[in-house]
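Step one of this worksheet: look at the structure below.
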Amino acid sequence: FPTRRSSDLGSRSILGGLALFALSQFRQLEVRPLQDWIHAAVSGLFLFVGCHGALAYAQRFVPSGLAAIVLATIPFWLVLVDLATGRKQQPARLIGLLPGFCGVALTAWSATSSAEHSVPVTMILLLLVSALSWALGSAYAQRCAAYIPARDLAGMQLVCGGVGLLLVSWGSGEWAAFVPQQTTTASLAGLLYLAFLGSAIGNTAYIWLLDRLPAPLVATYTFVNPVVAVILGAVVLGEHIAPA
């Protein structure tokens, strides 16, 4: 998770969404109707404001590795969302996810009770809400917007979610600290990389998979994130890695 501000996330989301729109216009696709935009806005706000926005704030207090571990509960929340909304689920799927959820709970408890590197309980709860928000956005997109081509839906979600994140950042006063003259070439290159590869391509691939596979299965990509986040957190951010 390389960005920790809502303004950064909003900017990369909008850039990624506009890139997808440009591709659609190049191929002369029709403009999506209002109903499609409503579906995209609902799912986009859950995915990017509710999940990424909350995650960006929580990461000011929580190490990247721990944040990624808590976000790995997304498949569990997706199964619960399906059960709560009346969709049939195999009991074995939920039971199979319980050990992982318990492992996350033990890791979070250890982090909040550590005397040396204690993590606020409220931030753990915020990360759980973030994971639940991603699950809700994924389930909504899969059920209400599956008829929209993945590239178009991904672009609309990114734009709507990005606008929401920029509004949140403006309301929290982040814009006051932004000085355009201090923008470096490296930071701009990083923003473009995240916008096109992380947001545009990544979100399109995720939506494409949601159209073809069960959402809990698609969300198992989060199981890889903790390993990557721990390594990057230690190498880039100098975060502490405990032996246990």
Side-chain angles (χ1 to χ4, degrees), residues 1-27 40 44-45 47-69 71-72 127 130 134 137 150-209 221-241:
F1 308 112
T3 51
R4 300 192 181 191
R5 297 187 303 177
S6 297
S7 55
D8 298 333
L9 291 167
S11 299
R12 60 174 274 198
S13 296
I14 291 177
L15 284 175
L18 291 177
L20 292 174
F21 279 142
L23 181 60
S24 295
Q25 291 301 316
F26 177 76
R27 296 192 175 187
L45 290 175
L47 291 172
F48 299 109
V49 179
C51 180
H52 286 179
L55 174 62
Y57 180 79
Q59 276 215 274
R60 300 177 183 179
F61 310 93
V62 180
S64 299
L66 179 58
I69 290 174
L71 265 291
L127 287 172
S130 173
W134 184 270
R151 183 183 59 226
D152 289 6
L153 178 57
M156 291 188 291
Q157 286 176 334
L158 285 168
V159 170
C160 293
V163 171
L165 285 167
L166 288 182
L167 290 175
V168 170
S169 68
W170 175 75
S172 62
E174 285 185 4
W175 289 15
F178 176 65
V179 181
Q181 292 79 5
Q182 295 180 355
T183 302
T184 64
T185 303
S187 62
L188 182 59
L191 177 64
L192 294 175
Y193 171 84
L194 291 171
F196 298 128
L197 292 182
S199 294
I201 296 178
N203 199 51
T204 301
Y206 182 72
I207 297 300
W208 185 87
L209 287 170
Y221 78 89
T222 56
F223 295 161
V224 181
N225 288 349
V227 178
V228 178
V230 168
I231 295 174
L232 291 179
V235 175
V236 179
L237 301 178
E239 295 176 348
H240 175 71
I241 300 179

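- Thr204 approaches Ala150 most closely through the heavy-atom pair O-CB, 4.1 Å.
- Residues Val49 and Val168 form a side-chain contact, since some pair of their non-hydrogen atoms from C-beta on lies under 4.5 Å apart.
- Classification of the Phe48-Trp134 ring pair by plane angle, with boundaries at 30° and 60°, yields perpendicular.
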With side-chain contact (heavy atoms from CB on, under 4.5 Å) as the test, would you mind laying out the steps for Val159 and Phe21 before giving the verdict? CA-CA 10 Å; Val159 170; Phe21 279 142; 3.5 Å; yes

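- Not one N or O on the side chain of Ser13 forms a donor-acceptor pair closer than 3.5 Å with the backbone of Leu158.
- Thr222 OG1 to Leu71 CG: the interatomic distance, rounded to the nearest 0.5 Å, is 7.5 Å.
- Between Leu191 and Ser11, some side-chain heavy-atom pair lies under the 4.5 Å cut-off.
- The CE atom of Met156 sits 11.5 Å away from the CG atom of Asn203 when rounded to the nearest 0.5 Å.
- The shortest heavy-atom contact between Leu127 and Ala58 is CD2-CB, 3.7 Å.
- Closest heavy-atom contact between Ala54 and Ser130: CB-CB, 4.0 Å.
- Across Ala56 and Leu9, no two heavy atoms sit closer than the pair CB-CD1, 3.4 Å.
- Note that CG of Leu47 is 11.0 Å distant from SG of Cys160, once rounded to the nearest 0.5 Å.
- Minimum heavy-atom separation, Gly53 to Leu165: CA-CD2, 3.7 Å.
- With Ser199 as the partner, the side chain to side chain contact (heavy atoms under 4.5 Å, CB included) test is satisfied by one option alone out of His52, Arg12, Gln157: Arg12.
- The minimum heavy-atom distance linking Leu15 with Phe196 is given by the pair O-CE2, 4.2 Å.
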